[in-house]
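Report on the following structure.
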Amino acid sequence: MTFQDLHAQGETTFAALVPGGAQRLAEIFRVAPDLAEMAVGTVYGHLHSRPALDPRTRQAVALAAILAAGVDGTPLAVHLRTGLASGLAPGEIVEILLETAAFAGFPRAVSALPRIERALGDAGGPVPPDPTPRAAVLDWLRAPVNPHPTLRSLLETWPLPAVQTTAADQAVAVFADSDPAVPPRAVVHFRVRQGEVTEVTVLAAAAPEATVDDGR
């Protein structure tokens, strides 16, 4: 695949993530169109299509690198938008900022705050953002009395399952034995709204249980 092909693929990817993306790229790279071919082709053409990382993780890595470099201009603004569009929760972006600050320095993190606040506000979310899906699910699972009967039984054996965020409003919990040869007992899907668990679906080995609305 040529650079021109990768550039075209990158433009298509970017346009799918950012409304008016093609025009935005033209404005950014108006002075140096050839730089767009290299940058957009590499980041959104080649790297974005690599299967080793999902788009959410890849955008998290990109944001951490940009923040660590102390860049608070156009690259940060662009990747905040594509990060949110790729499924990063606003709270996860703030958590990336906190993690980066510990290694790259607090002045760089503080310098990025206005740009991050603007991006989260433009996305229509609260500032500061709601708890991340993973944090919300862990709090829900740690509740003194869990209202879901199947989860109550699972939590008696696996009090702390592995919880992973899968989208800006979703997470999954895997209830599994420490022995990797033993198949997971269950995978539970959670939907989160405004930092609260609103929907729980238990997926069993034999057949998935019906979706249950959280009554709390």
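The analysis underlying the following values was restricted to heavy atoms, covering all of them including side chains, and did not include hydrogens, waters or symmetry mates. All figures in this text were calculated on a predicted structure; none of them were measured in a lab.
In this structure the side chain of L25 reaches within 4.5 angstrom of the side chain of E11, judged on heavy atoms.
One distance of note links CD of Q59 with CG of L84; it measures 9.5 Å at 0.5 Å rounding. Residue R185 holds its CZ atom at 5.5 Å from CG of L154, rounded to the nearest 0.5 Å. With rounding to the nearest 0.5 angstrom, the CG atom of L113 is 11.5 Å from the CZ atom of R118. Here the straight-line distance linking atom CZ of R30 with atom CD of E27 works out to 7.5 Å at 0.5 Å rounding. We find the CG-NE2 distance between D5 and H7 to be 11.5 Å, quoted to the nearest 0.5 Å. Interatomic distance, L63 CG to L76 CG, rounded to the nearest 0.5 Å: 6.5 Å.
Under the 4.5 Å side-chain heavy-atom criterion for Ile, Leu, Val, Met, Phe, Trp and Tyr, L35 and I28 are members of the same hydrophobic cluster. Both I93 and V71 belong to a common hydrophobic cluster when Ile, Leu, Val, Met, Phe, Trp and Tyr are linked at side-chain heavy-atom distances under 4.5 angstrom. One hydrophobic cluster holds both L160 and L151 under the rule that ILVMFWY side chains link at heavy-atom gaps under 4.5 Å. Linking Ile, Leu, Val, Met, Phe, Trp and Tyr residues whenever their side-chain heavy atoms come within less than 4.5 Å leaves L17 and I66 in two separate clusters. Grouping the Ile, Leu, Val, Met, Phe, Trp and Tyr side chains by contacts below 4.5 angstrom, directly or via other members, places V18 with V40.
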- Apply side-chain contact (heavy atoms from CB on, under 4.5 Å) to H189 and V200, showing your working. CA-CA 6 Å; H189 177 269; V200 182; over 6 Å; no
- For T74 and R24, what are the C-alpha separation, side-chain angles and deciding distance, and is it a side-chain contact (heavy atoms from CB on, under 4.5 Å)? CA-CA 11 Å; T74 299; R24 176 66 174 140; 4.1 Å; yes
- What do the steps show when you test V188 against V172 for side-chain contact (heavy atoms from CB on, under 4.5 Å), and what is the final call? CA-CA 5 Å; V188 184; V172 295; over 6 Å; no
- T165 and Q170: CA distance, side-chain angles, deciding distance, side-chain contact (heavy atoms from CB on, under 4.5 Å) verdict: CA-CA 6 Å; T165 300; Q170 299 173 52; over 6 Å; no
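Across all their heavy atoms, A112 and L97 have their closest contact at CB-CD1, 4.3 Å. The minimum heavy-atom distance linking P114 with V110 is given by the pair CD-O, 3.6 Å. Between P161 and L141, the shortest heavy-atom distance links the atoms CG-CD1, 3.7 Å. The minimum heavy-atom distance linking Q9 with G45 is given by the pair NE2-O, 2.9 Å. Nearest heavy-atom pair, V174 versus P184, reported as atom, atom and distance to 0.1 Å: CG1-CB, 4.0 Å. Taking all atoms of both residues into account, the shortest heavy-atom contact from I116 to L80 is CA-CD1, 3.9 Å.
Counted within 6.0 Å of CD on E196, heavy atoms from surrounding residues, nucleotides or ligands total 12 or fewer; the atom is thus considered open.
A search for side-chain hydrogen bond (donor to acceptor under 3.5 Å, both in side chains) contacts involving Q164 returns nothing, not counting sequence neighbours. With sequence neighbours left out, F190 forms a ring-ring contact (aromatic ring centres under 6.0 Å, His included) with W140.
R115 contributes no side-chain N or O that, together with a main-chain N or O of A77, makes up a donor-acceptor pair within less than 3.5 Å.
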Show me the donor-acceptor pairs within less than 3.5 Å that the side chains of residues 119-138 make with the rest of the protein, sequence neighbours left out.
unit_1, atom_1, unit_2, atom_2, d
T132, OG1, A135, N, 3.1
R134, NE, V163, O, 2.8

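The salt bridge (charged side-chain N to carboxylate O under 4.0 Å, His left out) contacts involving residues 143-172 comprise D169-R191, where partners must be two or more places apart or lie in separate chains. Applying the side-chain hydrogen bond (donor to acceptor under 3.5 Å, both in side chains) test to every pair with at least one member in residues 85-110, sequence neighbours left out, gives these pairs: R56-E92. Here ring-ring contact (aromatic ring centres under 6.0 Å, His included) pairs that include residues 19-49, with residues two or more places apart or in two chains, are F14-Y44, Y44-H79.
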